[in-house]
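For reference, the structure is listed below as structure tokens.
Chain identifiers are assigned alphabetically (A, B, ...) following the order of the sequence lines, protein sequences preceding nucleic acid strands; residue numbering begins at 1 within each chain. Remember, predicted model here, so these are calculated numbers, not experimental data.
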Amino acid sequence: MSSTAQTWTTKTGTRASGLFGVAAILVVIVAAGAPFLVSRDIVQDLFFILTMLVLAQNWNLLAGYAGLLSIGQQAFVGFGAYSMFGMVILLGVDPLLATLLAGFFAMLLAIPAGFFSFRLQGAYFGVGTWVIAEAVRLVVAQWKALGGGTGTSLPGEARKAMFGVEFLKDTFDMKTSQASDAIAYWFALVLAAATVLLFYRILRTRQGLGLAAVRDNETAARALGVNAQRMKVFVYLTTAFVTGITGALIYLQKARISPDAAFSVTDWTAYVLFIVVIGGIGTIEGPIVGMIVFFVLQKTLSDFGSVYLLILGFIGIATMIFAPAGLWGLFSARTGIQLFPIRRRLVLNGSDHIAQNTREGGFNG
Amino acid sequence: MNIIDTLVQGILLGGLYALFAAGLSIVFGIMRLVNLAHGDLIIFAAFAILTITSMFGLNPFVSALIAAPLMFAAGWLLQYFLLNRTLGKDILPPLLVTFGLSIIIQNGLLEGFAADSRRVPLGSLEAATIPLGAVNIGVMPLLTFLSAIVVIVGLNTLIYRAPIGRAFRATSDDPVTAGLMGIRPQRIFATATGLAMVVVTVAALYLGTRANFDPSAGPSRLIYAFEAVIIGGLGSLWGTLAGGVVLGVAQTIGATINPEWQILAGHIAFLAVLAFKPRGFFPRAVD
């Protein structure tokens, strides 16, 4: 024991994460200008990337941190989208406000969905969530006011009257479709940034530590007083909320909905699963990397139709077998770089010196 | 009597669902593996039977006899070289790999056979019925149900009476100790999946001859199989028959009220069982 007054504090940030944080802010600022700088096609591509990234971050939090291997997230995408359409068509709510409110409807659905699916363990939980999504799809397909099984379109007047459209048209001389695309894009940008920040924040709190502990060893975590069940319910409801908003936003931009598309297991769960796993599950960087890979693959292979999915399936399986930590996991293990560090390190006050023993045995693996 | 007719048709439909579920159940029972490609493997087997039938002009039953050993081999290889690598404490790898497999089979079939609905032709047997008082019982639905019983009796005999069944149970309980006793767990697992694929072939024969199928029909078969397993209770093969029957009856009752409600009625029955009897009717497994 040394008698000198050395004080130690815990720290999570690193030099790499600090630099990355600055770079990320710049990227978001530049990205915000996209509707003025690039063509509408590119804005739509960026919109697709951002919304899929949000879905991927949500699934990553569910599966990678809370151990909830849901294959039924399309329930919240579809239900969020349909509640937005319902509010706009039946109640005349502003589409943008309806998109936000859709999150609450999705969370409302998550209460009974969780009641049923939490009775199943492990992989059976996954199939259970899938059955619930199917049941919700079949019920929604009976909703004749919203087109039943064939679906419906968002009324053109509602899009024209949407908050901000008039302003963009007058100020920047945009067409209605261009303006509503730009608004949807900005919404997606804010949503993606907010989701990443929110989840990073959650993971850095006491609760996040508990979550990681539950993932690594549920029995041990519970023995230390972590309420595993409450954490899981919290994550399930939070991700339902964000997934619901994302679903509504995606269909705000598409402006046309049908039960089969909105509750598609391929579009809203399979793709998302592959994005997360290829990028690296259990890290915030993983889904971002996975999203980039997924987008490049889709752009190069989309002409091949079903072969594209075939290849995606093979890549997903190969990743899981040969590199279960994903691309980011490989990179991070080689370089030690973390852009969203969660691990607490003991740092001597007034220096960058790191206590040796805290380097090992983190919960970021 | 209409209601008796509905019940009888529902019970017989349950036989088909029990056949879907039995394969899923033994793979889970022995390896704790939930095979998300199970439904797609059923559709794959149905296409195999269809191809053999049309290529050689054979009776579908004979085609199924030819397809069964091929499916056994496919299942054996799949388990030995791919799925065994995913087994372990973490449940994500098997889930993701079988999900990937499901996507690969669906899109592979789509490439090979296009998206058209197919049916295995069965001639006069397709519509043959046995009049039984107030109800007409279809020969094929009846054969399906009887086959389900034969399959379950056969599997139970194999698992609880035969040496290979002892090896299954031992490996399931403790692969390491079973290994010390001269059992090779990897091969036992491969054999179990091969066996499940034989059951899948039987299921595919009756699915393919009684209804239309297409490359995208797999996931709903997985869901029916899963519902039957959960309703019946994990780990019990007779439970899968009970679960299949509950599901089949719920679906036929739903369909008589409104044809659009058939599948939904099955899901509701499943959710009701989950709410009131979360471990199913005949639970066997402790976990």
Side-chain angles (χ1 to χ4, degrees), chain A residues 63-64 67 69-71 112-113 115-128 130-139 141-142 148-149 215 217 265-266 269-271 273-274 276-278 281-282 304-322 324, chain B residues 24 28 32-38 82 85-86 90-112 114-115 215-216 219-220 222-227 229-230 234 258 260-268 270-275 277-279 287:
Chain A
L69 298 177
S70 168
I71 19 185
F115 168 79
F116 288 113
S117 55
F118 274 60
R119 291 166 172 251
L120 297 162
Q121 301 301 317
Y124 276 131
F125 168 83
V127 193
W130 193 356
V131 174
I132 291 164
E134 281 297 291
V136 177
R137 174 178 69 87
L138 291 166
V139 171
Q142 297 294 316
R215 177 195 59 187
N217 189 338
V265 67
T266 308
T269 296
Y271 285 158
L273 230 119
F274 288 129
V276 174
V277 168
I278 292 170
I281 190 167
F304 297 99
S306 52
V307 174
Y308 162 61
L309 274 163
L310 209 72
I311 292 172
L312 201 63
F314 277 113
I315 295 177
I317 290 179
T319 310
M320 201 75 255
I321 302 258
F322 299 111
Chain B
L24 192 70
F28 181 75
R32 295 291 174 272
L33 173 77
V34 176
N35 185 357
L36 295 184
H38 187 73
L82 182 66
R85 289 158 164 264
T86 67
D90 191 359
I91 55 167
L92 176 69
L95 192 87
L96 189 103
V97 168
T98 56
F99 197 59
L101 202 61
S102 154
I103 305 260
I104 290 174
I105 295 173
Q106 275 176 51
N107 290 283
L109 288 174
L110 199 60
E111 282 293 306
S216 66
S220 25
L222 167 74
I223 284 177
Y224 302 154
F226 163 78
E227 289 178 329
V229 167
I230 299 290
L234 284 180
N258 179 344
E260 286 181 25
W261 294 354
Q262 179 184 347
I263 312 300
L264 186 59
H267 293 334
I268 290 169
F270 160 76
L271 293 175
V273 171
L274 204 53
K277 241 177 151 12
R279 302 195 60 228
D287 51 0

Check whether B:S102 reaches the backbone of B:T98 with its side chain - one donor and one acceptor, N or O, closer than 3.5 Å.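 Judged by distance alone, no pair lies under 3.5 Å.
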
Region of [X] in contact with chain B, defined by heavy-atom distances below 4.5 Å:
X      : result
A:I321 : side chain
A:F125 : neither
A:V127 : both
A:I311 : neither

Which atoms of [X] approach chain A - backbone, side chain, both or neither, heavy atom under 4.5 Å:
X      : result
B:L222 : side chain
B:I263 : both
B:I268 : neither

Shortest non-hydrogen contact between [X] and [Y], atoms and distance:
X      : Y      : result
B:L274 : A:F116 : CD2-O, 3.4 Å
B:P219 : B:Q106 : CG-NE2, 3.4 Å
A:A135 : B:L264 : O-CD1, 3.6 Å

Answer with yes or no whether the side chains of B:H267 and A:E134 bring together a donor and an acceptor at under 3.5 Å.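 There is no such pair between these side chains.
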
What residue in A:F115, A:W130, A:F274, A:Y308 has the most heavy-atom pairs under 4.5 Å with chain B?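 The option with the most such pairs is A:W130.
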
